[in-house]
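Notes for the one structure printed next.
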Number of protein chains: 4
Amino acid sequence: MTIRIFTTGGTFDKLYFDAKSEFHFGDPMAGELLEEANVNFEYRIESLLQRDSLDIDEQDREVIRKAVANARESLILIIHGTDSMVDTARALLDIADKTIVLLGAMQPARMRYSDALFNLGFASAAAQLLPAGCYIAMNGEIFDPLKVAKNRSQSRFEPTEQ
Amino acid sequence: MTIRIFTTGGTFDKLYFDAKSEFHFGDPMAGELLEEANVNFEYRIESLLQRDSLDIDEQDREVIRKAVANARESLILIIHGTDSMVDTARALLDIADKTIVLLGAMQPARMRYSDALFNLGFASAAAQLLPAGCYIAMNGEIFDPLKVAKNRSQSRFEPTEQ
Amino acid sequence: MTIRIFTTGGTFDKLYFDAKSEFHFGDPMAGELLEEANVNFEYRIESLLQRDSLDIDEQDREVIRKAVANARESLILIIHGTDSMVDTARALLDIADKTIVLLGAMQPARMRYSDALFNLGFASAAAQLLPAGCYIAMNGEIFDPLKVAKNRSQSRFEPTEQ
Amino acid sequence: MTIRIFTTGGTFDKLYFDAKSEFHFGDPMAGELLEEANVNFEYRIESLLQRDSLDIDEQDREVIRKAVANARESLILIIHGTDSMVDTARALLDIADKTIVLLGAMQPARMRYSDALFNLGFASAAAQLLPAGCYIAMNGEIFDPLKVAKNRSQSRFEPTEQ
């Protein structure tokens, strides 16, 4: 079993640059974190984009969509900024025969305290256990992309009224 | 949904005491890690034992067995030392109607680098998604307790020949 | 012996807020770090400002200047953003009978990897050992504020030609 | 200016090995920590011993003594276990023309929370600023080796009655 991991930027991979006192994207952290976790499964990591989630547009989504659709692997993780994660997930709903799990982080993986490593573990199990389909795995919960929204003031994903 | 978490000691919760230059058990880390992960699900944590896994005997297993069997919750995580995790898991195989997931860590959660947070995330998804039964969730893989062994020299769990 | 610590913001105390994908200032970290370091000396921490170093103006410097001049303690640490640390240090050169050491960090203390804890240790020794005067203690070096500049592209303080 | 750093084991460099649920010595952390701290000064690190401080005997002290006496550099840091740090420091008191600073840690540098990085920063400033002689730099304080003892129950160094 191989899990294919696409990274797109977002808080998960953010790095602090003092020169401008801003956050920028560093190299994808997923590989380092999976080594730290000493996982048995095989994985291939590919950086598709390095964007703030709010800057991801339809063209970017098409890049992600094609990469997922063309992947040989049937288990897919997408590391994505949280602000537009739901939009990207919805754009992938019609891809068949693959289990696609989107995850991100509210705190960069490079912080001393971060939800990144937990979320990566959570999503790794979700990808292995869920049937084919597209899911958001955040805050220790698995969501249907059509029934979830990010609550910004609370920094968490919540089910929407339906 | 509430996940019940029983802690029993093991590497996951180890603490370093300089006075004797040894590791001892600190307070269970699970609550602190779940707060860091900012999870949506409810959880209740109970410390049953604080033992090195090699020191867990049949009497201890009976304590764990009773606690799991009597828990109101149907989703159970057990944080356990890795050396005898398989033995404890096998002692729980006949408990019906509950999804029981055992996990641990090869590096204490208090280390700068540790598999603990990943493993807790991984097991939290496994508990939500697996059917009733007893499982070991380590190294990013879900194992049947009858078909797994710890490879000590490699510090990882592996499927056994069957 | 008591060391008085004034905090003014800067990278040292930065916090990541996902909601806006920006850094903001969190509570001063100095107290937490000194507890982690388990120091014998007494200290009093006071937050004077929470500013990016580039936003510190003459009025702010007057606030810092008065606080230092009026402090009962003769050993003073000032945690300050790096971009205008030299300017603030020069504004304090005429304060007599106090050992004043300015320090900061290139990476926030809340990152997994940061120079903040080292720099705080380095400056704590400098404050105890240097004669009265005003100094910058960065990158493991003690500088005369009149003979130092921040090299932004290298993210380090360097002696200036003289 | 070059600081010569000798490592001898001790808590500072401890590593956790799950296989035996014990601590062992990992590679010296000093280089990694000094890179993290982004210091300007030159340094050379040499591992002399990898011992628990309690196991350091007179022969080991002679090894340390010779290494320090023969070092070309006049600024010396010795990273040492805390339990017998005072004994080793006293064995170095007659070395002339060098500033020798012993330091250690109560929590391994590999822990998420540790005094190691602070102590390394503190000792780095002490080595640059103190006159020739031998010193212990622990808990944010500089001690004369003849007037200090480790208080084990408090895990800190304290001045002795004199």
Side-chain angles (χ1 to χ4, degrees), chain C residues 1-3 5 11 29-30 32-43 75 77 82 99 101 103-107 109-131 135-143 148 150-151 154-159, chain D residues 1-3 5 11 29-30 32-43 75 77 82 99 101 103-107 109-131 135-143 148 150-151 154-159:
Chain C
M1 181 194 65
T2 299
I3 299 184
I5 302 173
T11 292
M29 289 290 289
E32 204 172 299
L33 297 180
L34 289 170
E35 262 188 69
E36 184 177 338
N38 200 23
V39 296
N40 285 343
F41 58 80
E42 302 289 318
Y43 53 89
L75 305 188
L77 294 184
T82 55
T99 301
V101 180
L103 73 144
M106 298 295 181
Q107 293 290 316
R110 288 174 174 88
M111 304 295 284
R112 227 189 206 192
Y113 285 102
S114 165
D115 52 340
L117 194 53
F118 180 95
N119 291 351
L120 186 60
F122 189 88
S124 296
Q128 294 179 43
L129 295 173
L130 286 164
Y135 309 89
I136 283 178
M138 286 295 291
N139 300 102
E141 188 167 349
I142 291 148
F143 296 98
V148 63
K150 179 179 169 186
N151 177 331
Q154 299 282 325
S155 282
R156 59 170 73 240
F157 283 74
E158 295 173 344
Chain D
M1 181 194 68
T2 300
I3 298 185
I5 302 173
T11 292
M29 290 290 287
E32 203 172 300
L33 299 179
L34 289 170
E35 263 189 68
E36 184 176 340
N38 199 23
V39 295
N40 286 343
F41 58 79
E42 303 289 318
Y43 53 89
L75 306 188
L77 294 184
T82 55
T99 301
V101 179
L103 74 143
M106 298 297 182
Q107 294 289 317
R110 289 175 174 89
M111 302 297 284
R112 230 188 203 192
Y113 286 102
S114 166
D115 52 340
L117 194 53
F118 180 95
N119 291 351
L120 185 60
F122 190 87
S124 296
Q128 294 179 44
L129 295 172
L130 286 164
Y135 309 89
I136 282 176
M138 286 294 292
N139 301 104
E141 187 167 350
I142 290 147
F143 296 99
V148 62
K150 178 177 169 187
N151 177 332
Q154 299 282 323
S155 282
R156 58 169 74 241
F157 283 73
E158 295 174 344

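The sequence lines fix the lettering, A, B, ..., with proteins before strands; numbering per chain opens at 1.
Residues C/F118 and D/V39 meet the side-chain proximity criterion, which asks for heavy atoms closer than 4.5 Å.
Separating the OH atom in C/Y113 from the CG atom in D/L33 is a distance of 8.5 Å, to the nearest 0.5 Å. One distance of note links CE of C/M106 with CG of D/N38; it measures 7.0 Å at 0.5 Å rounding. A distance of 11.0 Å separates CZ of C/R112 from CD of D/E36, quoted to the nearest 0.5 Å.
Only the side chain of D/L34 comes within contact range of chain C, with at least one heavy atom under 4.5 Å from a heavy atom of that chain. Contact annotation for C/E35: neither backbone nor side-chain heavy atoms come within less than 4.5 Å of a heavy atom of chain D.
Ranked by non-hydrogen atom pairs under 4.5 Å with chain C, the options D/N139, D/D115, D/I142 are led by D/N139.
Under the side-chain contact (heavy atoms from CB on, under 4.5 Å) criterion, C/E141 pairs with C/F143, C/P159, D/N40, not counting sequence neighbours.
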Could you pull out every donor-acceptor pair under 3.5 Å between side chains of residues 123-130 of chain D and any protein atom, sequence neighbours left out?
from, atom 1, to, atom 2, distance (Å)
D/S124, OG, D/L120, O, 2.7
D/Q128, NE2, C/G140, O, 2.9
D/Q128, NE2, D/S124, O, 3.4

